[in-house]
2 protein chains.
Amino acid sequence: MRRPLSPSDRRILRVLQGDGRITNAALAEKVGLAASPCLRRLKALEEDGVIEGYRAVVNRKALGFEVEAFVFIKLEQSEPGWRTRLVDRLKGYDEVIACHALAGEVDLIVHAVARDLDSFGEFTMNRLLTLPGVADVRSSFVLSAIKPLTPIPVPEHD
Amino acid sequence: MRRPLSPSDRRILRVLQGDGRITNAALAEKVGLAASPCLRRLKALEEDGVIEGYRAVVNRKALGFEVEAFVFIKLEQSEPGWRTRLVDRLKGYDEVIACHALAGEVDLIVHAVARDLDSFGEFTMNRLLTLPGVADVRSSFVLSAIKPLTPIPVPEHD
DNA sequence: AGTGAAATGACCATAAT
DNA sequence: ATTATGGTCATTTCACT
């Protein structure tokens, strides 16, 4: 079991989701703690897996990825082993920046990036449609990021 | 236009997507630079908007959000003004951790979290379905995060 | 390379259980 | 007493010029 989050923990999480690279000293000042206890709490949050990591958010277009899309995949009913292998292959593709298994019509939702339409076409045609166990693939291009991955709100209480 | 990314820049981006909180000294060592030029490049990448920010990745369940879902929204054809207001309302909801406008069948894809089924129901019934201009809403719960938001691959060359 | 700031660990204080 | 909180100080390491 995990210990409950203190009000200080919650403040730390709020600040750190907005600026993951803030110095511990500045963080401590923002949340109203001295540096030392602030750092102790931060380490504990990492240790407990509340904070899973820190990540620089990089502009995909600056890396030359002009195309962003969601791909909706339906699977054929098949033995569990096949499903595992399919999912492992999917995870291995660089184009896949996120993938979730869903309950409902669609079985898998893939968030993908590609350099251009051609390479996205190559990806779907040669590397998605050919996966054994895939029944249906349809792609929708992203027109705009209305709310591009924001912090998870940190409730006041548990 | 933006200046092209040097091999050092690319290495910096790779490391920082994996650990956004690494110290400049350690980063410099990893990418094979002295601390000073490494810091200059880092600042330039931030300045140029290649790095958009830094963010702690927080475990949603640790915050008490047991439910994660994708919501697929179809819109009625309507005047542009309505659409803007709808999107602004959508952005304002805490449950919405990401939202993208799509080309195709579905107009909007919403990535949402909620404390439990009840509060997710309240969210969709009272705050999504009632938005003026919404024609259809369907939700799929996330069963598992097969690949939970990974770094964008940094190509060797432009 | 040098200086001011930050990180980090050892140790202490207070309060609630 | 124990657990959880936060603080102070001294030392090492880092950021930045």
Side-chain angles (χ1 to χ4, degrees), chain A residues 1-59 62-63 151-158, chain B residues 2-66 94 115-116 151-152 154:
Chain A
M1 274 290 129
R2 187 185 288 119
R3 70 183 133 269
L5 298 174
S6 74
S8 291
D9 289 331
R10 294 171 194 275
R11 286 195 291 271
I12 287 171
L13 292 173
R14 282 187 206 108
V15 173
L16 240 29
Q17 283 192 97
D19 179 4
R21 216 175 150 75
I22 190 174
T23 64
N24 178 66
L27 173 63
E29 209 247 313
K30 277 212 177 197
V31 303
L33 283 178
S36 190
C38 184
L39 186 64
R40 263 187 280 120
R41 290 200 165 276
L42 176 51
K43 295 298 182 194
L45 289 169
E46 293 170 354
E47 188 67 32
D48 294 350
V50 177
I51 295 175
E52 295 178 341
Y54 303 90
R55 177 153 302 159
V57 180
V58 173
N59 184 309
L63 293 180
I152 298 177
V154 181
E156 212 53 62
H157 307 289
D158 186 61
Chain B
R2 187 185 289 120
R3 72 181 134 267
L5 299 174
S6 73
S8 290
D9 289 331
R10 293 171 195 276
R11 285 195 290 271
I12 288 171
L13 292 173
R14 282 187 206 107
V15 173
L16 240 30
Q17 283 192 96
D19 179 5
R21 223 177 142 74
I22 190 173
T23 64
N24 178 65
L27 173 63
E29 208 248 312
K30 276 212 179 199
V31 303
L33 285 177
S36 190
C38 184
L39 186 63
R40 264 186 282 115
R41 288 196 171 278
L42 174 53
K43 294 298 179 195
L45 289 169
E46 292 170 353
E47 188 68 31
D48 293 349
V50 177
I51 296 174
E52 295 177 343
Y54 303 90
R55 169 153 310 158
V57 180
V58 173
N59 184 310
R60 70 174 163 86
K61 287 188 181 171
L63 292 181
F65 296 104
E66 291 296 326
D94 276 355
R115 184 172 298 278
D116 51 33
I152 297 176
V154 181

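All chains are named by letter (A, B, ...) in the order of the sequence lines, taking the proteins before the strands, and each is independently numbered beginning at 1.
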B:Tyr54-A:Gln17 side chain donor-acceptor pair, cut-off 3.5 Å | no
Could you check which of [options] has an atom nearest any side-chain atom of [X]?
X: A:Ser8; options: C:dA7, C:dT8, D:dG6; result: D:dG6
X: A:Leu39; options: C:dA7, D:dT5, D:dA15; result: C:dA7
X: B:Thr23; options: C:dA6, D:dA15, D:dG7; result: D:dA15
X: A:Lys43; options: C:dA7, C:dT8, D:dC14; result: C:dT8
X: A:Pro37; options: D:dG7, D:dA15, C:dA7; result: D:dG7

Separation of atom [atom1] in [X] from atom [atom2] in [N], rounded to whole Å:
X: B:Leu27; N: D:dC16; atom1: CG; atom2: P; answer: 12 Å
X: A:Ile22; N: C:dA6; atom1: CD1; atom2: P; answer: 11 Å
X: A:Glu29; N: C:dA7; atom1: CD; atom2: C1'; answer: 17 Å
X: B:Arg41; N: D:dA15; atom1: CZ; atom2: P; answer: 18 Å
X: A:Asn24; N: D:dA15; atom1: CG; atom2: C1'; answer: 15 Å
X: A:Leu42; N: C:dA7; atom1: CG; atom2: C1'; answer: 11 Å

Just call it for [X]: base, sugar-phosphate, or nothing, with non-hydrogen atoms closer than 4.0 Å on any strand.
X: B:Arg40; result: nothing
X: A:Ser36; result: base
X: A:Ala34; result: base

Can you check whether B:Glu29 reaches B:Cys38 side chain to side chain, under 4.5 Å on heavy atoms?
-> no
What are the two closest heavy atoms between B:Leu13 and B:Leu5, and how far apart are they?
-> CD1-CD1, 4.1 Å
Considering heavy-atom distances to DNA chain D, does A:Asp9 or B:Ala25 have its closest nucleotide positioned more toward the 5' end?
-> A:Asp9
Given DNA chain D, 5'-ward residue of the pair A:Arg21 and A:Leu33, judged by closest heavy atom | A:Leu33
Side chain to side chain contact (heavy atoms under 4.5 Å, CB included) assessment of B:Val50 paired with B:Asp9 | CA-CA 10 Å; B:Val50 177; B:Asp9 289 331; over 6 Å; no
A:Arg41 and its side chain to side chain donor-acceptor pair (under 3.5 Å) partner, picked from A:Ser36, A:Ser8, A:Ser6 | A:Ser6
